Engineer: 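Right, I'll just put the structure down here and ask away after.
In this text the structure is predicted, and so the values were computed from the model without any measurement.
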Amino acid sequence: MHLEDVNVQGFKSFSQKTEMSFQPGISVIIGNNGVGKSNILDAVVWAMGEDDISKMRCHKPVELFFVGSKDSPPAERIRVELNFKQGTEKNALGVQVVRELTRAGDVFYYIDGASVARSDYRKCLAEFNLDDALKTIIKQEQINDILMLDPVQRRSRIARLIDIEKEMDFEARITDEIAPKFESYLQYLFPEGSGALKIVSRNGLMGLDIEVNLRGDRKRKAHQLSGGEKSVTSLALQLAVFDQLKSPLFLLDEVEPALDYTNHKSMQALLKNLAENKQLIMITHLRSTIQLANTVHGIRTRMDGSSFMKFYFVMDERLLRLYKCC
């Protein structure tokens with residue numbers, strides 16, 4: 001299952017209907033700062049049933065609507081359509097889900113063109129494991145959140161994500177599944193280092209500690225790492241947790257930390273590994289990430305500030321050479 005098409009109208013900076021097509025593998029969204037790239041991921045998350053508008057960088061529901069400009073009136077209705085497909089064959093099975101919202105507060109849900117209740121909409125998403133996709137998104141400003149938690153809070157956050165209540169079950173999942181993945185992913189990002197997850201006790205409560213062994217046998221706890229090291233470690237941990245979920249896609253919003261050229265190559269290796277089993281839809285400014293892409297989407301703004309998709313193409317070496325700036 002992969003996300004094949006996203007059609008957005010009236011949502012945030014998108015005044016006019018904007019159509020985007022994706023393929024399995026790695027799709028990157030590029031553009032200058034402020035053109036509305038992150039609004040695309042917000043639209044996908046909203047259409048998959050997210051009701052916490054703070055997760056879409058809003059304080060009030062009205063902020064989901066295109067505000068209006070000198071060239072376009074304010075949107076009276078938001079419509080986001082997602083088309084998912086099982087396989088790449090022309091006749092492969094798929095499902096279309098649509099969510100609409102009016103300024104009056106009326107909400108509408110559609111599955112394959114038929115109007116349905118919210119409960120049936122959520123049930124359909126769950127049948128395709130798309131409810132888990134709401135958990136598999138990392139945004140630039142939140143990448144270090146899980147590392148900044150204390151061990152008990154960190155354990156609680158991860159337990160909620162993977163839906164585990166019993167401490168014994170959590171410890172077994174960490175030891176047998178999450179920790180090995182974390183170590184594997186961190187090995188990609190720190191080729192000369194290593195990492196470990198450790199179950200600890202804090203005031204009688206179970207916690208999860210993180211230890212990273214950097215080049216030169218320099219052992220560090222999560223709070224002792226530099227900014228770039230924190231981002232790399234947090235990314236490895238979150239991806240290891242995501243691996244426990246059944247979501248067919250990961251949404252990654254500028255998650256690459258400030259790494260040097262060598263470490264960008266390490267990041268490429270990790271992304272290639274992930275893309276073997278998951279669809280990655282990424283917002284990026286990095287040429288090293290764009291180079292990996294199966295498809296590239298360029299977002300720009302009109303003179304009135306509204307967003308549009310200026311170009312879409314399947315990446316190849318010739319186009320990469322022509323690529324100048326994002």
Engineer: May I ask you to test the Gln279-Pro24 pair for a side-chain heavy-atom distance under 4.5 Å?
Structural biologist: no

Engineer: Distance-only, no hydrogens or angles: does the Lys12 side chain make a donor-acceptor pair with backbone N or O of Met56 under 3.5 Å?
Structural biologist: yes

Engineer: Does Lys246 reach the main-chain N or O of Asn129 with its side chain, forming a donor-acceptor pair under 3.5 Å?
Structural biologist: no

Engineer: If only side-chain N and O atoms count, and only distance matters, is there a donor-acceptor pair under 3.5 Å linking Gln140 with Asp253?
Structural biologist: no

Engineer: Just verifying a value: how many Å separate His2 NE2 and Lys85 NZ, rounded to the nearest 0.5 Å?
Structural biologist: 6.5 Å

Engineer: Can you check whether Phe242 and Phe250 have ring centres sitting under 6.0 Å from each other?
Structural biologist: yes

Engineer: In terms of side-chain heavy atoms, does Asn7 have a donor or acceptor partner in Arg79 at a distance below 3.5 Å?
Structural biologist: no

Engineer: Could you tell me which residues satisfy ring-ring contact (aromatic ring centres under 6.0 Å, His included) with Phe22, sequence neighbours excluded, listed by chain and number?
Structural biologist: His297

Engineer: Just so I know, are the side chains of Gln86 and Phe128 near enough to count as touching, which here means a heavy-atom distance under 4.5 Å?
Structural biologist: yes

Engineer: Below 4.5 Å, heavy atoms only, C-beta onward: do Ser38 and Ile283 meet side chain to side chain?
Structural biologist: yes

Engineer: Keeping the roles fixed (side chain from Ser72, backbone from Gly68), state whether a donor-acceptor pair exists under 3.5 Å.
Structural biologist: no

Engineer: With the side chain counted from C-beta on, respond yes when Ile146 and Ile158 share a heavy-atom pair under 4.5 Å apart, and no when they do not.
Structural biologist: yes

Engineer: For residues 268-279, pull every pair meeting salt bridge (charged side-chain N to carboxylate O under 4.0 Å, His left out), keeping only residues two or more places apart or in separate chains.
Structural biologist: none

Engineer: Please test Asp131 against Lys123 for salt bridge (Lys or Arg N to Asp or Glu O under 4.0 Å), starting from the C-alpha separation and ending with a verdict.
Structural biologist: CA-CA 9 Å; Asp131 52 342; Lys123 183 179 179 181; over 6 Å; no

Engineer: Supply the atom-to-atom distance Ile174 CD1 to Phe182 CZ, rounded to the nearest 0.5 angstrom.
Structural biologist: 10.0 Å

Engineer: If the test is side-chain contact (heavy atoms from CB on, under 4.5 Å), which one of Leu197, Asp145, Ile210 qualifies with Arg154?
Structural biologist: Ile210

Engineer: Should the pair Glu211-Arg220 be classified as a salt bridge under the 4.0 Å nitrogen-to-oxygen rule?
Structural biologist: no

Engineer: In terms of side-chain heavy atoms, does Asp5 have a donor or acceptor partner in Ser21 at a distance below 3.5 Å?
Structural biologist: yes

Engineer: Looking at Lys181 and Asp176, does any basic side-chain N land under 4.0 Å from a carboxylate oxygen?
Structural biologist: no

Engineer: Are the side chain of Asp150 and the backbone N or O of Gln153 linked by a donor-acceptor pair below 3.5 Å?
Structural biologist: yes

Engineer: Can a donor-acceptor pair be found, under 3.5 Å and without considering hydrogens, that links the side chain of Gln187 to the backbone of Ser194?
Structural biologist: no

Engineer: Using modelled atom types only, decide if a donor and an acceptor are shared between the side chain of Gln96 and the backbone of Leu82 within a distance under 3.5 Å.
Structural biologist: no

Engineer: Side chains of residues 159-171: which donor-acceptor partners sit under 3.5 Å, not counting sequence neighbours?
Structural biologist:
from   : atom 1 : to     : atom 2 : distance (Å)
Arg160 : NH1    : Ser156 : OG     : 2.9

Engineer: What residues form a side-chain contact (heavy atoms from CB on, under 4.5 Å) with Asp52, not counting sequence neighbours?
Structural biologist: Glu50, Ser54, Lys55

Engineer: What residues form a side-chain contact (heavy atoms from CB on, under 4.5 Å) with Arg302, not counting sequence neighbours?
Structural biologist: Ser15, Gln16, Asp304, Ser306, Phe308

Engineer: Look at the side-chain heavy atoms of Ile, Leu, Val, Met, Phe, Trp and Tyr, link any pair under 4.5 Å apart, and say whether Val62 and Phe66 land in one connected group.
Structural biologist: no

Engineer: Starting from Ile138, can I reach Met148 by hopping between I/L/V/M/F/W/Y residues whose side chains sit under 4.5 Å apart?
Structural biologist: no

Engineer: Return yes if some donor-acceptor pair links the side-chain N/O of Thr136 with the main-chain N/O of Ala133 below 3.5 Å, else return no.
Structural biologist: yes

Engineer: Rounded to the nearest 0.5 Å, what's the gap from OG on Ser27 to CD1 on Ile40? Could you check?
Structural biologist: 11.0 Å

Engineer: Kindly compute the distance separating CG (Leu147) from CD (Glu229), expressed to the nearest 0.5 Å.
Structural biologist: 11.0 Å

Engineer: Looking at Lys37 and Asp42, is there a salt bridge between them, counting it only when a charged N and a carboxylate O are closer than 4.0 Å?
Structural biologist: no

Engineer: Rest of the hydrophobic cluster containing Val98 (Ile/Leu/Val/Met/Phe/Trp/Tyr, side-chain heavy atoms under 4.5 Å)?
Structural biologist: Phe108, Tyr110

Engineer: With heavy-atom distances below 4.5 Å as the criterion, would you say the side chains of Asp209 and Pro151 are in contact?
Structural biologist: yes

Engineer: Go through the steps to decide whether Asn32 and Arg300 satisfy the test side-chain hydrogen bond (donor to acceptor under 3.5 Å, both in side chains), and finish with yes or no.
Structural biologist: CA-CA 7 Å; Asn32 299 326; Arg300 297 290 187 268; 5.7 Å; no

Engineer: Would a single hydrophobic cluster contain both Tyr109 and Ile111, if residues Ile, Leu, Val, Met, Phe, Trp and Tyr are joined by side-chain heavy-atom contacts under 4.5 Å?
Structural biologist: yes

Engineer: Under 3.5 Å, side chain of Glu81 to main-chain N/O of Val8, donor-acceptor pair present?
Structural biologist: no

Engineer: Between the main-chain N or O of Thr284 and the side-chain N or O of Thr289, is there a donor-acceptor pair closer than 3.5 Å?
Structural biologist: no

Engineer: If you round to the nearest 0.5 Å, how far is CD1 of Ile78 from CZ of Phe14?
Structural biologist: 12.5 Å

Engineer: Distance only, no hydrogens: is a donor on one side chain within 3.5 Å (strictly under) of an acceptor on the other, for His285 and Asn33?
Structural biologist: yes

Engineer: What's the separation between atom CZ in Arg77 and atom CD in Glu100, rounded to the nearest 0.5 Å?
Structural biologist: 5.0 Å

Engineer: Would you say the side chain of Lys135 lies within less than 4.5 Å of the side chain of Asp132, judging by non-hydrogen atoms?
Structural biologist: yes

Engineer: Within the 4.5 Å heavy-atom criterion, are Val95 and Cys124 side-chain neighbours or not?
Structural biologist: yes

Engineer: Check whether any side-chain heavy atom of Ile281 lies under 4.5 Å from a side-chain heavy atom of Leu3, and answer yes or no.
Structural biologist: yes

